[in-house]
> 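My questions will all concern the structure given below.
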Amino acid sequence: MKLILMGPPGAGKGTQGEILEKKLGISTISTGLMLRTAIKEQTEVGKAAEKYINEGKLVPDDVMVALVKERLSQPDCEKGFILDGFPRTTAQAEALDAAGVEIDKVLLLEVDDDVIVDRLSSRRECSKCGAPYNIKFKKPAKEGFCDSCGGELICRKDDVPETIQNRLNVYHEQTEPIKEFYLAKGILAVAKGEDALEDTIANVEKALGLGE
Ligand code: AMP
């Protein structure tokens, strides 16, 4: 299965990616996480991306396309993958197409903007493995620490009110139009992502036609 997860920031792409990764036995590729790791390691890509991320803007297409193409060429992607956070522009979607990557399904997680603002302000991320948490809706077993690796949970630098609104605007202006691109290909599946986590998991399974 070659799957794309689409949706506004905080829609739950990371959480659903984590669940689907286990269920389908394929890797999740989160471009946001790749960039945050690159920033931590101060690589060339990290240095180029930092300013954009902190301002809630998109990193230029050429940087992103090169990063994703390289990642998709790795052996674990041969049996399929889940893309979380890519493509984010029509140019990125076209570049994926032009590279001959045949996507099976695009799952769009639908969540209203007011729910997003509330969610992002309580979101946390593991500083070691990047696993997603939320102190209101998806609490770790031990407060402040990751369930899977024990790493410390931190608040992302771009989950602050000024940046959140920017990211939502960018989503509506630059990313949402990609829906049409995949709708025309007949591979768009839509799931409501607004309610409790269990409901969203069920909605996603139904949208992707995955049975228990
Ligand atoms: P995310 O973790 O998916 O919310 O991504 C965090 C930030 O990384 C975004 O707000 C962008 O600045 C940047 N980013 C991640 N993926 C992409 C992409 N495909 N294109 C451009 N920028 C991206």
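Each ligand, and each atom within it, is numbered from 1 in the order the structure gives. Numbering of residues begins at 1 and proceeds along the displayed sequence.
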> Between Leu108 and Glu110, is there a side-chain heavy-atom distance shorter than 4.5 Å?
yes
> Is it true that the NZ or CZ of Lys142 lies under 6.0 Å from the centre of Phe145's six-membered ring and within 45 degrees of the ring axis?
yes
> Using the side-chain contact (heavy atoms from CB on, under 4.5 Å) rule, pick out the option among Arg123, Glu125, Lys138 that qualifies with Pro132.
Lys138
> Return yes if some donor-acceptor pair links the side-chain N/O of Arg119 with the main-chain N/O of Pro9 below 3.5 Å, else return no.
no
> Counting distance only, does the side-chain N/O of Lys13 pair as donor-acceptor with the main-chain N or O of Pro8 below 3.5 Å?
yes
> Transitive ILVMFWY cluster of Leu33 at side-chain heavy atoms under 4.5 Å: who else is in it?
none
> Just to be sure I understand the cut-off, which residues have at least one non-hydrogen atom under 4.0 angstrom from an atom of ligand 1?
Thr31, Gly32, Leu35, Arg36, Ile53, Lys57, Leu58, Val59, Met64, Gly85, Phe86, Arg88, Gln92, Arg156, Asp158, Arg167
